[in-house]
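Everything below concerns the one structure shown next.
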Protein chains: 2
Amino acid sequence: MTDGHPGGFDLDAFLPYLLNQAAEATSRGFAQVYRAEYGMTRTQWRVLANLGRSGAMTASDICRVSHVEKTKVSRAVAALEERGFLARERHGADRRAETLSLRPEGRAAFERLGMLALDYDRALRARLGPEAATLARVLREMIAAGAEPGG
Amino acid sequence: MTDGHPGGFDLDAFLPYLLNQAAEATSRGFAQVYRAEYGMTRTQWRVLANLGRSGAMTASDICRVSHVEKTKVSRAVAALEERGFLARERHGADRRAETLSLRPEGRAAFERLGMLALDYDRALRARLGPEAATLARVLREMIAAGAEPGG
DNA sequence: CGCAGATAGTTGCAAATGCAACCATGTCGA
DNA sequence: TCGACATGGTTGCATTTGCAACTATCTGCG
């Protein structure tokens, strides 16, 4: 499949590369959907999905949970608010933070996209066969563990 | 971990999301390396790695093989050439295309980074245990198949 | 031949990103 | 109570990206 590599490095076996390619390929497909339907960015979709899943939370909660840079979250939140998808409310106990929660429009978008995502995922899993479940489990473990060799 | 979702969509089981998180986490770690050592971009590293693996090839070959946008490749190639890492040569048969090949500096960088990547990958696999091999195989299948449910 | 596409690669421009700097608030210990 | 430092969030700026043109070359067909 590949020719000899002096140091023995084989790009086709390098996990970060494989993960990136697979992630890019699968994400690109679904990106079409939320982009066409709602003109949303990948980050916006991720923020929406997190809020849809976990209910009200702060921006830094989202950062922690989704491992997305805080400026990315900040701007996605601003965009989603602009569209009326979410509301911010000063957090009672800590006035630096604000509690984010989906407004009806945002919830509707989340539910519609959630349905489409489910379809997408089912199709993907159907193609992968029984190993899809293993894949998902291993990925979850990697993410939970920090996914860095040195971490 | 998650509460009930109206449509049954579960973000924690959504493969594109999991793949992205895992890819981001693993790539970020290695990005430190080629960034610190050579000030390279992710795309530049990928182009370098492809050239290092497959020898001389054209930019569009790289696009096809690595599924990277052609403008990204174009700019990465320009940057790598600027640093003296690669040479372009007009393709004999097709004068639109140019054959890219690593120059000694580029090859040296590839070999050094290849070694480091190998270490990185080994550490990652050690953490994952026996399922690392399965993971790699499934990812390769996904990539080969286009990785899109509809494809 | 000569013209209608395809394909290789670059460029312009708007949008998205990363990083550091920046406020505002909160926490903790002397 | 005060000052040092941590944390939530935003903003500025340079870099990177994506997409749509655009040039140049190639291919195929009437």
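All heavy atoms count here, side chains included; hydrogens, waters and symmetry mates do not. Protein chains get the first letters and strands the later ones, always in sequence-line order, with residue 1 at the start of each.
In the set C:dG18, D:dG8, C:dG9, D:dG8 carries the atom at the smallest distance from any side-chain atom of A:Lys70. Comparing D:dG8, C:dT11, D:dT25 by their nearest atom to the side chain of A:Ser60 picks out D:dG8. Comparing D:dG18, D:dT25, C:dT17 against the side chain of B:Asp94 picks out D:dT25 as the nearest. Nearest to the side chain of A:Glu98, among C:dG9, D:dT10, D:dG8, sits D:dT10. Taking only side-chain atoms of A:Arg88, from C-beta outward, the nucleotide of D:dG9, C:dG9, C:dG18 with the closest atom is D:dG9. Closest approach to the A:Ser74 side chain among D:dG9, D:dC26, D:dT10 is made by D:dT10 (side chain taken as heavy atoms from C-beta onward). Nearest to the side chain of B:Arg96, among C:dT11, C:dG9, D:dA24, sits D:dA24. Comparing atom distances between the A:Arg75 side chain and each of D:dG8, D:dG9, C:dT17 picks out C:dT17 as nearest.
No engagement by A:Ala31 is indicated, since no non-hydrogen atom pair under 4.0 Å with the nucleic acid exists. Within 4.0 Å (heavy atoms only), B:Lys72 reaches sugar-phosphate atoms of the nucleic acid but no base atom. Using a 4.0 Å heavy-atom distance criterion, B:Arg42 is classed as making no nucleic acid contact. Residue-level contact check: A:Arg90 touches neither bases nor backbone, having no heavy atom under 4.0 Å from any strand.
Using a 4.0 Å cut-off between charged nitrogen and carboxylate oxygen, B:Arg83 and B:Glu105 do not count as a salt-bridge pair. Ionic pairing of B:Arg42 and B:Glu24 is present here: one or more N-O contacts between side-chain nitrogen and carboxylate oxygen are shorter than 4.0 angstrom. Under 4.0 Å is where a charged nitrogen must lie from a carboxylate oxygen, and between A:Asp10 and B:Arg53 no such pair does.
Atom CG in B:Asp61 sits roughly 11 Å away from atom C1' in C:dA8 (whole-Å rounding).
Other residues, nucleotides and ligands place more than 12 heavy atoms under 6.0 Å from the CZ atom of B:Arg137.
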